[in-house]
J.: 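For reference, the structure I am asking about is given below.
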Number of protein chains: 2
Amino acid sequence: MQEQIAHILKHHQLRVTACRKQVIAVFLDKRHAIGHSELERQLADFDRVTIYRTLNTFLEKGIVHQVPDDVGEAKYALCSDDCDEHAHQDEHVHFKCLECNKLTCIAEIAIPNLTLPKGYVMKHATLLIKGLCEDCGIAN
Amino acid sequence: MQEQIAHILKHHQLRVTACRKQVIAVFLDKRHAIGHSELERQLADFDRVTIYRTLNTFLEKGIVHQVPDDVGEAKYALCSDDCDEHAHQDEHVHFKCLECNKLTCIAEIAIPNLTLPKGYVMKHATLLIKGLCEDCGIAN
DNA sequence: GTTGCATTTGCAAGTAGGTTGCAAATATAA
DNA sequence: TTATATTTGCAACCTACTTGCAAATGCAAC
């Protein structure tokens, strides 16, 4: 586990520090998208600013990608192995559960092709679906 | 024009006030989605807080709907006539131009049907496309 | 038109998310 | 082990947004 984490950091030309290791550990542990506030709760020993900078660094280097959400806070999820600072593979669907509020990536579903009105050029698309997740849907 | 604006307000059981009239006028004038900062610039006579409250009231009453954006600020656009506080008709595609940064609703395109993994229930979906708009696409 | 009352507004203050500058601490390469 | 470039913590700041309260205003009933 610690080996895996150190490898991720080195692979992206980053120094292996305590804060970075613990942030990655949280991402590996939880499987949903995570925002700054959740990290701050888990990682009480580190300064707010350090966590913000860690997230920005990871975003730049392609360790995490940003997940669209409609609350104020930015959310992030681990990228797949083949992402780096040059190319992201995050054109998949994101799902937010209205019951437990967890945001997850659904890698299985690609964003469908769309024909835009004349004159429009599409570069990128994000699709956020809201509803009930696996766990909460069964209960209802 | 002033008649039309007063009608919109009365139709939603709202008092006709100077601030509300001017906010609606801005929405009718610009055709893209608008955030608080743009309104504050146009409507220098009103307090920031009043503009925030006006936007929230309009959202509740179904005069505007929220448009997904990835910057910090919330953006809003006028609803179609048949929206009210009970039912919104905003399941259309939203487009953000990477050149001029304008956010617009593309009513012509509906969000395509998607099959979610087993156990997931879809209630609502928002699709944000980024690229070049009509005006900026031609130039490039 | 005047009055009465509920609604709306402006102001002051507060909260949350996020950034910047700088000096001290630390990871890594030599 | 040392030199240095990177990272961290702290203080301070910024923007987006909210809340409480008293003063102002819209509107309906007279």
Side-chain angles (χ1 to χ4, degrees), chain A residues 2-3 5-26 33-61 63-76 85 101 103, chain B residues 2-3 5-26 33-61 63-76 85 101 103:
Chain A
Q2 285 300 314
E3 278 305 310
I5 291 173
H7 174 77
I8 293 172
L9 288 168
K10 283 177 190 152
H11 183 247
H12 292 276
Q13 282 94 256
L14 287 175
R15 291 193 172 178
V16 180
T17 68
C19 182
R20 286 174 179 168
K21 281 192 286 186
Q22 290 189 39
V23 168
I24 292 183
V26 174
I34 295 174
H36 180 268
S37 58
E38 187 168 352
L39 284 170
E40 206 179 337
R41 257 176 278 126
Q42 309 275 325
L43 278 61
D45 295 344
F46 299 100
D47 194 85
R48 291 172 0 91
V49 178
T50 303
I51 297 174
Y52 277 117
R53 284 197 269 232
T54 301
L55 286 170
N56 283 333
T57 304
F58 285 6
L59 193 62
E60 272 168 36
K61 295 288 182 174
I63 297 178
V64 300
H65 62 273
Q66 204 161 351
V67 179
D69 196 3
D70 47 5
V71 298
E73 196 188 9
K75 296 276 171 63
Y76 306 87
E85 59 200 297
N101 280 314
L103 245 179
Chain B
Q2 284 301 314
E3 279 304 310
I5 290 172
H7 175 77
I8 293 173
L9 288 169
K10 282 177 190 152
H11 183 247
H12 290 90
Q13 282 95 253
L14 288 175
R15 293 194 171 175
V16 180
T17 68
C19 181
R20 286 174 179 168
K21 281 193 285 186
Q22 291 190 39
V23 168
I24 291 183
V26 174
I34 294 174
H36 180 268
S37 59
E38 187 168 352
L39 284 170
E40 204 179 339
R41 257 177 278 125
Q42 309 274 325
L43 277 61
D45 295 345
F46 299 100
D47 194 85
R48 303 173 46 250
V49 178
T50 303
I51 297 174
Y52 276 118
R53 285 197 267 231
T54 301
L55 286 169
N56 283 333
T57 305
F58 285 6
L59 193 61
E60 273 169 32
K61 295 287 181 176
I63 296 177
V64 300
H65 63 272
Q66 203 161 351
V67 180
D69 197 2
D70 48 6
V71 298
E73 197 189 8
K75 296 277 171 61
Y76 306 88
E85 58 199 298
N101 280 314
L103 244 179

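Because the structure is a prediction, the values reported are computed rather than measured.
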J.: Is there a side-chain polar atom (N or O) of B:Tyr52 under 4.0 Å from OP1 or OP2 of D:dT18?
T.: no

J.: Any chance you could measure B:Leu55, atom CG, to B:Gln66, atom CD, to the nearest 0.5 Å?
T.: 9.5 Å

J.: What's the closest nucleotide to the B:Cys19 side chain, out of C:dT28, D:dC27, C:dT9?
T.: C:dT9

J.: Looking at NE2 of B:His36 and CD of B:Glu73, how far apart are the two atoms once the value is rounded to the nearest 0.5 Å?
T.: 8.0 Å

J.: Which nucleotide in the set C:dT9, C:dT28, D:dT8 lies at the smallest distance from any side-chain heavy atom of B:Thr54?
T.: C:dT9

J.: To the nearest 0.5 angstrom, please state how far the OH atom of B:Tyr76 sits from the CG atom of B:Asp69.
T.: 11.5 Å

J.: In whole angstrom, what separates B:Arg53's CZ from C:dT8's P?
T.: 11 Å

J.: Over how many whole Å does the gap from B:Arg15 atom CZ to C:dT9 atom P extend?
T.: 10 Å

J.: Let me know the distance between CD of B:Glu40 and C1' of D:dT18, rounded to the nearest Å.
T.: 15 Å

J.: Can you check whether B:Thr57 reaches B:Arg20 side chain to side chain, under 4.5 Å on heavy atoms?
T.: yes

J.: Separation of A:Arg20 atom CZ from C:dT28 atom P, in whole Å?
T.: 9 Å

J.: Once you round it to whole Å, what is the distance between C1' of C:dT28 and CG of A:Leu9?
T.: 14 Å

J.: Could you measure the distance from the NE2 atom of B:His12 to the CG atom of B:Leu14? Nearest 0.5 Å is fine.
T.: 8.0 Å

J.: Expressed in angstrom and rounded to an integer, what is the separation of B:Tyr76 atom OH from D:dA16 atom C1'?
T.: 10 Å

J.: What residues in residues 42-51 of chain B put a non-hydrogen atom under 4.0 Å from any atom of DNA chain D?
T.: B:Arg48, B:Val49

